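The structure under discussion appears below in the form of structure tokens.
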Amino acid sequence: MDTPIYDFVKEYFEKGTVRLHMPGHKGSPLLGCEALDITEIKGADDLYHAQGIIRQSENNATRLFGTKRTFYATGGSSQCIGAMVYLAMLRGKKGQPILAARNAHKAFLHTCALLDLEVVWIYPEEEASLCSCPILTQQLESILKSMEVLPFALYITSPDYLGGMADIKGLSEVCRKYGIPLLVDNAHGAYLRFLPESLHPMDLGADMCCDSAHKTLPVLTGGAYLHIGRDALPFEKDGKNALALFGSTSPSYLTLQSLDLCNEVLAEGYREKMHGVCEKVKQLAVQLREKGYFLQNYEPLKLVLEGAKMGITGYDLAKFLRESGIEPEFADADHLVMMFSTENGEEDFKRIENALPPMIAKSTEGGRTTLPFRGEQVMSIREAMFARRCTVKVEQALGRICATPAVSCPPAIPIAISGERITEEMIRLFFLYGIEEIDVVVEL
């Protein structure tokens, strides 16, 4: 598969052209990568009006993912979340809300504030972690039946931060029945297309989804895809404008080159490599269970240890790894998350197994990071996020209105939604995640 963006930049660098254009480093090797860092010069195309090499490269990605259209982004899934919600809103009617699972990333809240959207939140039917919000198809059907005004879209996160995967096929069938598009934050799942049997949202019925290519594929940080489904409404017509609305006019050409080169990687034996690493992850899971570890159901490239079931915190499990020079993706009071890719070799798996000592299950309180109950929405998300605010100690926030979502990244899932009144349960979670201060609305 050709790599038009990388080839153009490499040729430009090799010509030794005097650079009387941005960026200011002029190709000087302070970091070592500057020579390949350019801007929209003649022949380099324009990400948001792509007609040349970028369009050619995006067409390659479109074929690889089997979509109606795949767009590049250099602002991560955060940029693509904004774009796909905006595209769905354009096709909706005035006054329609968006229906969303409660474990949405804070980028979704930022989008709703900027677009002034009303959100109807879906909470799990059973107790779940802050990072999870499993939705059953019959639950979705019941919610849609009860709504006086149907939403302009359903927005879910799958896989979630703890490896939980939604029944996208089932949910998409319900959405189709009610004539609403299904939008999926698939930030952690770009690789799902390249399993022996694809589990990618675009192959399971989603209308649009975003992938953080950099999270699981060999792409530089910020590289992402916005996918439009083959049978979706013609969202692709406004796709570039939507991405431009939420992105910088100076996209990183280093990141674009990595997306471009990734196409070549994906086209040449990547499925076989993916199968190999998935088998290694399964084998490691077996080994850890034999050592007494409880593992949550997980997506193929993620292992989630449930510390709460072993009387140990995820923070302590992470400490075991760090003492052996291993850095996990995420840890909280209940969980430890490890993310893998085809770039993890055999030695990595051996080091992980050796780093984690045998574990003996203990009685524990469990459920320390449980999602808070539905809060009282006092103001709209937009009103709260743009209101006058002040910063207070978390212990002083009881009863105040949340202005901006205070949450660490990862997992970047708001404990309190902007506009919600802060409860004791939320305060407990703030402390659990190490959050000591929060912005609240100044009430006049």
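Only heavy atoms go into these numbers, but all of them, side chains included; no hydrogens, no water, no symmetry mates. Because the structure is a prediction, the values reported are computed rather than measured.
- By the salt bridge (charged side-chain N to carboxylate O under 4.0 Å, His left out) test, Glu197 is found to be paired with no residue, residues two or more places apart in sequence or in another chain being considered.
- With hydrogens and angles ignored, the 3.5 Å screen pairs no side-chain donor or acceptor of Lys68 with any backbone N or O of Glu236.
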Legend entry - Derivation and outcome, side-chain contact (heavy atoms from CB on, under 4.5 Å), residues Leu305 and Leu295: CA-CA 5 Å; Leu305 305 188; Leu295 274 70; 3.5 Å; yes
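- Listed here is the closest heavy atom pair of Met338 and Leu321: SD-CD1, 4.0 Å.
- Taking SG from Cys209 and CG from Leu204, the interatomic distance works out to 10.0 Å, rounded to the nearest 0.5 Å.
- Panel note: side chain Ser324, backbone Ile326; no donor-acceptor pair is recorded below 3.5 Å.
- Screening Val85, Ile81, Asp160 against Asp185 for a side chain to side chain contact (heavy atoms under 4.5 Å, CB included) leaves a single residue, Ile81.
- Heavy atoms from other residues, nucleotides or ligands lying under 6.0 Å from NZ of Lys169 number 12 at most.
- Across all their heavy atoms, Phe430 and Ala416 have their closest contact at CZ-CB, 4.1 Å.
- You'll find the side chain of Ser158 stays beyond 4.5 Å of the side chain of Asp167, heavy atoms only.
- In this structure, His335 has its ring center no closer than 6.0 Å to that of Phe330.
- A heavy-atom distance below 4.5 Å is found between the side chains of Tyr225 and Tyr72.
- Taking the charged nitrogens against the carboxylate oxygens, Lys282 and Glu279 do have a contact shorter than 4.0 Å, which makes a salt bridge.
- In His25, the NE2 atom is crowded: over 12 heavy atoms of neighbouring residues, nucleotides or ligands sit closer than 6.0 Å.
- Atom CD of Glu327 sits in a crowded spot, with more than 12 heavy atoms from other residues, nucleotides or ligands closer than 6.0 Å.
- In this structure a side-chain-to-backbone donor-acceptor pair under 3.5 Å is missing from Glu125 to Gln139.
- None of Leu115, Leu109, Leu114 except one satisfies the side chain to side chain contact (heavy atoms under 4.5 Å, CB included) rule with Thr111; the exception is Leu115.
- Looking at Glu14 and Lys10, a side-chain N of the basic residue comes within less than 4.0 Å of a carboxylate O on the acidic one, giving a salt bridge.
- Side chain of Arg374 to main chain of Trp121: a donor-acceptor pair is present (N/O by atom type, distance under 3.5 Å, no hydrogens or angles).
- Panel note: side chain Arg102, backbone Cys133; no donor-acceptor pair is recorded below 3.5 Å.
- Counting heavy-atom neighbours within 6.0 Å of His275 NE2, excluding the residue itself, gives a total of 12 or less.
- Looking at Ser172 and Arg176, their side chains come closer than 4.5 Å, going by heavy atoms from C-beta outward.
- For Phe235, the ring pair (Phe, Tyr, Trp, His ring centres under 6.0 Å) test picks out no residue, with sequence neighbours left out.
- Each of Tyr161, Tyr298, Phe340 was evaluated against His188; a single residue qualifies, Tyr161, per the ring-ring contact (aromatic ring centres under 6.0 Å, His included) test.
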Inset, instruction - For side-chain contact (heavy atoms from CB on, under 4.5 Å), just list the numbers for Arg421 and Ile401, CA-CA rounded to whole Å, side-chain angles, deciding distance to a tenth of an Å, and then say yes or no. - result: CA-CA 4 Å; Arg421 200 172 292 284; Ile401 301 170; 4.1 Å; yes
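- Using modelled atom types, no side-chain atom of Ser57 and backbone atom of Ile54 make a donor-acceptor pair closer than 3.5 Å.
- Atoms CG and CD, from Leu150 and Gln96 in turn, are 7.0 Å apart once rounded to the nearest 0.5 Å.
- Between Ser248 and Gln79, the closest side-chain pair of non-hydrogen atoms is not below 4.5 Å.
- Side-chain contact between Pro300 and Met165 is present, with at least one heavy-atom pair separated by less than 4.5 Å.
- Within 6.0 Å of CE on Met22 lie no more than 12 heavy atoms contributed by other residues, nucleotides or ligands.
- No donor-acceptor distance shorter than 3.5 angstrom exists from the side chain of Asp116 to the backbone of Arg382, with no hydrogens or angles considered.
- Note that the OG1 atom of Thr157 and the NE2 atom of His105 stand 9.0 Å from one another [nearest 0.5 Å].
- Closest approach of Ala285 to Leu303, counting heavy atoms only: CB-CD2, 3.8 Å.
- A heavy-atom distance below 4.5 Å is found between the side chains of Tyr270 and Pro218.
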Inset, instruction - Might you work through the side-chain contact (heavy atoms from CB on, under 4.5 Å) test for Val277 and Phe349, ending with a clear yes or no? - result: CA-CA 10 Å; Val277 74; Phe349 289 90; 4.0 Å; yes
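- Asp260 contributes a side-chain N or O that, together with a main-chain N or O of Tyr6, makes up a donor-acceptor pair within less than 3.5 Å.
- The nearest pair of heavy atoms linking Met339 to Glu329 is SD-CG, 3.5 Å.
- Pro411 places none of its side-chain heavy atoms less than 4.5 Å from the side chain of Val337.
- For the atom pair CG (Leu266) and CG (Leu217), the distance works out to 5.5 Å, reported to the nearest 0.5 Å.
- With respect to the salt-bridge test (charged N to carboxylate O, under 4.0 angstrom), the residues Lys240 and Glu58 qualify.
- A pairwise comparison of heavy atoms in Ala190 and Ser212 identifies CB-O, 4.4 Å as the closest pair.
- Proximity of a side-chain donor or acceptor of Tyr253 to a complementary backbone N or O of Ala44 within less than 3.5 Å is detected.
- A donor-acceptor contact under 3.5 angstrom links the side chains of Tyr191 and Glu299, judged on distance only.
- Comment: Arg230 engages Asp203 in a salt bridge, judged by a side-chain N to carboxylate O separation of less than 4.0 angstrom.
- Side chains of Cys80 and Leu243 form a contact here, defined as non-hydrogen atoms less than 4.5 Å apart.
- No donor-acceptor pair closer than 3.5 Å links the side chain of Gln283 to the backbone N or O of Cys278.
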Inset, instruction - Could you walk me through whether Asn186 and His227 pass the side-chain hydrogen bond (donor to acceptor under 3.5 Å, both in side chains) test, one step at a time? - result: CA-CA 10 Å; Asn186 183 55; His227 301 293; over 6 Å; no
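- Figure legend: Lys42 and Tyr12 shown without cation-pi pairing, the cationic atom not lying both under 6.0 angstrom from the six-membered ring centre and within 45 degrees of its axis.
- Under a cut-off of 6.0 angstrom, the local environment of CZ in Phe13 is sparse, with at most 12 non-hydrogen atoms contributed by other residues, nucleotides or ligands.
- Shortest non-hydrogen contact noted between Asp439 and Thr391 is OD1-OG1, 2.6 Å.
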Legend entry - Worked check of side-chain contact (heavy atoms from CB on, under 4.5 Å) between Tyr48 and Asn241: CA-CA 7 Å; Tyr48 302 120; Asn241 290 335; over 6 Å; no
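- Rounded to the nearest 0.5 Å, atoms CZ (Phe152) and CG (Leu90) are 9.5 Å apart.
- Taking OG1 of Thr67 as the start and CG of Asp231 as the end, the distance is 12.0 Å to the nearest 0.5 Å.
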